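Read the structure below first, then the notes.
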Amino acid sequence: MAQTTVASEYSSEVHAEPIEHRFNPYSDNGGTILGIAGEDFAVLAGDTRQSEGYSIQSRSMSKVFDVGDNILMSANGFAADGDALVKAFQNQLKWYHFNHNKELSIHSAARLTQQLLYGKRFFPYYVHTILAGVDEEGKGAVYSFDPVGSYEREQCRAGGAAASLIMPFLDNQVNFKNQMDPSSNGTKKKELRYLSLQEVVNLVKDAFSSATERHINVGDALQIVIVTKDGARTEYHSLKKD
Amino acid sequence: MVGKDCVAIASDLRLGSQSLGVSNNFEKVFNFGHVFLGLTGLASDVTTLSETFRFKTNMYKMREDRLIEPETFANLVSSTLYEKRFGPYFVGPIVAGINSKTEKPFICGFDLIGCIDFAKDFIVAGTASDQLYGMCESVYEPNLEPEDLFETISQALLNAADRDALSGWGAVVYVITKDKIVKRYLKSRQD
Amino acid sequence: MAGLSFENYQRNQFLAAKGHGVPKATSTGTTIVGCKFKGGVVIAADTRATSGPIVADKNCEKLHRLSPKIWCAGAGTAADTEMVTALISSNLELHSMSTSRAPRVVTALTMLKQHLFKYQGHIGAYLIVAGVDPTGSHLFSVQAHGSTDIGFYQSLGSGSLAAMAVLESNWHEDLDKEGAMKLCSDAIQAGIWNDLGSGSNVDLCVMEVGKDAVLYRNHLTPNVREQKASSYKFARGTTAILKEDIFKLIDVEEETIHSEAMEVDA
């Protein structure tokens, strides 16, 4: 029998796969975090909105924690995993104190975090983690991690929902990327320098207020934790609630 | 971006096929008289549409014996895109210009099926749009002079493009005032 | 233009299947409401347009004019609400000219639902249609598939549940104009604060029997951004330039000079 010519090929658009129902153990709870290292301090900031889909679950959920030993930690993404990771870290830290009777340094805290994350390599904590503190030389330190434990020490890092909005702004304002010395006629790069605490706090506030304007999962309030060798201190600022 | 009696429009120069860079000289900003059109997206659609608009604006010029104004052109773009509602061009257009009658700056952006986004401050489009939103929202301020607007739009574009794997490879900026257009190629990272 | 073109449809299916990123259409996440009162009807909307989790437009207009006294609020695919509204508005005007009568709300509603039904829901417009005509004041809603509803109060969009909660608890039959305006803006605000797809300002339109419709653009603006902590104005010369071209715009005046007719084919 002769093959009939189909006028359009839309008839081939049939979906033959059987319908599969499955439990998804992960969800995205939005929010954004940001860490910046200064000369002798570091800040870790996060918004306090927790959301799922188009609904707000909480307008005042802290996600930056002072986990002890002058270490700040925040794990942003799937909130339950974030909490679980911080709890696991605090637990390990307690055992470290029992066993070694000394403070955990920031670089060791980073390595510990890697072990905790990679330990769940095939059922990962669904989070972007940032650690902030002061290193053994007294310099501000920020470490950032991917969900399975790959990490790096950096001057600054944004994580979570609006990371892509904030990160280029940080490159530009913290590391002076793409900025030239105005008097050099575009031949010399603008010289790098450490930002003061006030400059950093202002930068964080503006980064978050900007992210709030353009990202629906960011808003309500901003929690900024500042850590120096003398301890940690928290500031709260309001963000837009729409 | 809108400044004081001026507008600026900028784009990178990369043309790529996924992660492979193909050209570092692919301009995405076109002008039809004093109206500027930025077109990002599928390269073949960028070229097709820019030619379509060249044709349509030339026809407009002959019928009306005057150049098309930015506001009119925006509606032309919108209806041209919506005509293909169920088989759209994969593009993200931006219109910028100064109305030659009222001398008012005008910018607007579109989604791929022609919904107009009228904004007073800035419009972004393309693969680095998230990064651009972040940059513009924090760095932009209203009523900048042309020279300051150039710095602001350039820094916004350059830093946003550097955080997007699919953007960069050079950049071009047009600063448009009512009687002068300044086109500058920027020095940027080439990776 | 003779109808919509499907030219690129198959190409795009292929491109999408091959894994190329498909650009997102802006949707008006949206809270829209409408409510009747003694002698008229009010509709209201928020002003946020989103593309995924990103706010594409902070102050867009979701209240569209179908005719001078029939307005409609749109949710769903932004371009569709805009275009379907413009089309029906145009046809309504032609219809009223050919019948020499003021357009009726049911006419607009019927034209909308027949158009949307024809496209089987592919035109993603969810509308609240309201207005006054010679038969009184009316309030309807239309879904993208073409079904319609009638009611004393309506809400649509991602914030419709938040808004409906307010409408259900505070609406009563003998609402006056001010009461209806307050109720509608409260319902929209419920969406603005509690629904992530809605935000920014409240737009409002009041249509009263025997009066011109009044549009209150940005009736409430509870979300003005506060001053930034510092200015990020760059010093001139911060950006490195490779090459600069300057084009001066000049006026060209053309003058046709009439002279002796040229000799052709002498």
Side-chain angles (χ1 to χ4, degrees), chain A residues 8-10 12-13 28 30 32 49 51-57 59 160-162 164-165 169 172-173 176 178-190 195 198-220 222 237-242, chain C residues 6 9-11 13-14 17 27 29-31 46-59 157-162 188-202 220-232 234-244:
Chain A
S8 80
E9 287 172 36
Y10 301 144
S12 61
E13 291 169 39
D28 180 3
T32 279
R49 172 176 290 183
S51 57
E52 186 163 6
Y54 278 136
S55 318
I56 295 168
Q57 291 173 324
R59 294 188 192 274
S164 56
L165 282 76
F169 175 62
N172 188 221
Q173 295 296 323
F176 302 142
N178 290 110
Q179 290 201 55
M180 295 292 168
D181 180 354
S183 58
S184 74
N185 197 220
T187 55
K188 244 177 52 218
K189 280 186 180 159
K190 181 171 168 181
L195 299 179
Q198 191 54 53
E199 285 175 308
V200 168
V201 170
N202 283 346
L203 218 54
V204 171
K205 281 201 243 177
D206 288 339
F208 273 90
S209 69
S210 301
T212 304
E213 286 291 310
R214 288 292 175 178
H215 202 108
I216 64 173
N217 293 320
V218 182
D220 293 324
L222 168 62
H237 301 274
S238 65
L239 291 171
K240 276 168 61 172
K241 299 186 193 319
D242 69 337
Chain C
F6 286 71
Y9 181 84
Q10 284 189 333
R11 181 204 68 168
Q13 290 282 304
F14 169 74
S27 94
T30 305
T31 312
D46 72 309
T47 68
R48 175 182 281 182
T50 55
S51 147
I54 300 294
V55 179
D57 194 340
K58 289 187 267 192
N59 198 186
S158 59
S160 63
L161 284 90
I188 293 300
Q189 281 197 70
I192 287 177
W193 303 121
N194 303 113
D195 169 43
L196 295 180
S198 314
S200 296
N201 313 127
V202 181
L220 296 173
T221 51
N223 281 301
V224 184
R225 216 244 256 222
E226 47 185 279
Q227 182 94 57
K228 273 186 273 210
S230 27
S231 163
Y232 298 94
F234 298 93
R236 293 181 186 186
T238 302
T239 312
I241 303 164
L242 289 177
K243 191 176 146 216
E244 179 179 85

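Here is the naming used below: chain letters follow the sequence lines, and residue numbers restart at 1 for every chain. As the structure is a prediction and not an experimental result, all values here were calculated from the model.
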- Query: Which region of C/Asn201, side chain (C-beta onward) or backbone (N, CA, C, O), has a non-hydrogen atom less than 4.5 Å from a non-hydrogen atom of chain A, or is it both or neither?
  - Reply: neither
- Item | Residue A/Glu199 versus chain C: region with a heavy atom under 4.5 Å | neither
- Message: Does atom CD (C/Glu244) have a neighbourhood of more than 12 heavy atoms from anything else shown, all under 6.0 Å?
- Response: yes
- Message: Which atoms of A/Phe208 are under 4.5 Å from chain C, going by heavy atoms: the side chain, the backbone, both sets, or neither?
- Response: neither
- Determine the minimum heavy-atom distance between C/Thr238 and A/Pro182, stating which atoms define it. OG1-CG, 4.3 Å
- Query: Checking A/Asp242 side chain against C/Ile192 main chain: does a donor-acceptor pair fall under 3.5 Å?
  - Reply: no
- Task: Give a yes or no on whether the backbone of C/Asn223 and the side-chain of A/Lys240 come within a donor-acceptor separation of less than 3.5 Å.
- Result: yes
- Item | C/Gly197 to A/Tyr54 - nearest heavy-atom pair and separation | N-CD2, 3.5 Å
- Task: Determine yes or no for a side-chain-to-main-chain donor-acceptor pair under 3.5 angstrom, with A/Arg214 supplying the side chain and C/Val55 the backbone.
- Result: yes
- Note on the structure: Rounded to the nearest 0.5 angstrom, the NE2-OG1 distance for A/His215 and C/Thr50 is 11.0 Å
- Chi angles and distances behind the side-chain contact (heavy atoms from CB on, under 4.5 Å) call for A/Asn178, C/Phe234: CA-CA 11 Å; A/Asn178 290 110; C/Phe234 298 93; over 6 Å; no
- Query: Do any N or O atoms from the side chain of A/Asp206 and from the backbone of C/Ser230 form a donor-acceptor pair under 3.5 angstrom?
  - Reply: yes
- Note on the structure: All heavy atoms of A/Arg59 vs all of C/Trp193, minimum pair found to be NH2-O, 2.8 Å
- Apply the test side-chain contact (heavy atoms from CB on, under 4.5 Å) to residues A/Ser209 and C/Arg225: give CA-CA distance (whole Å), side-chain angles for both, the deciding distance (0.1 Å), then the verdict. CA-CA 8 Å; A/Ser209 69; C/Arg225 216 244 256 222; 2.7 Å; yes
- Message: So A/Met180 and C/Thr239, do their side chains get closer than 4.5 Å, heavy atoms only?
- Response: no
- Note on the structure: Honestly, the part of C/Ile54 sitting under 4.5 Å from a heavy atom of chain A is both
- Heavy-atom closest contact (C/Tyr232 atom, A/Asn202 atom, distance): OH-O, 4.0 Å
- Query: Is it the backbone or the side chain of A/Ser210 that comes under 4.5 Å from a heavy atom of chain C, or both, or neither?
  - Reply: both
- Note on the structure: Heavy-atom closest pair (C/Pro53 atom, A/Asn217 atom, distance to 0.1 Å) is CB-ND2, 4.2 Å
- Note on the structure: If one checks every heavy atom of A/Asn172 against chain C at 4.5 Å, the contacting part turns out to be side chain
- Which answer fits A/Leu165, side chain, backbone, both or neither, if we ask what part of it has an atom under 4.5 Å from a heavy atom of chain C? side chain
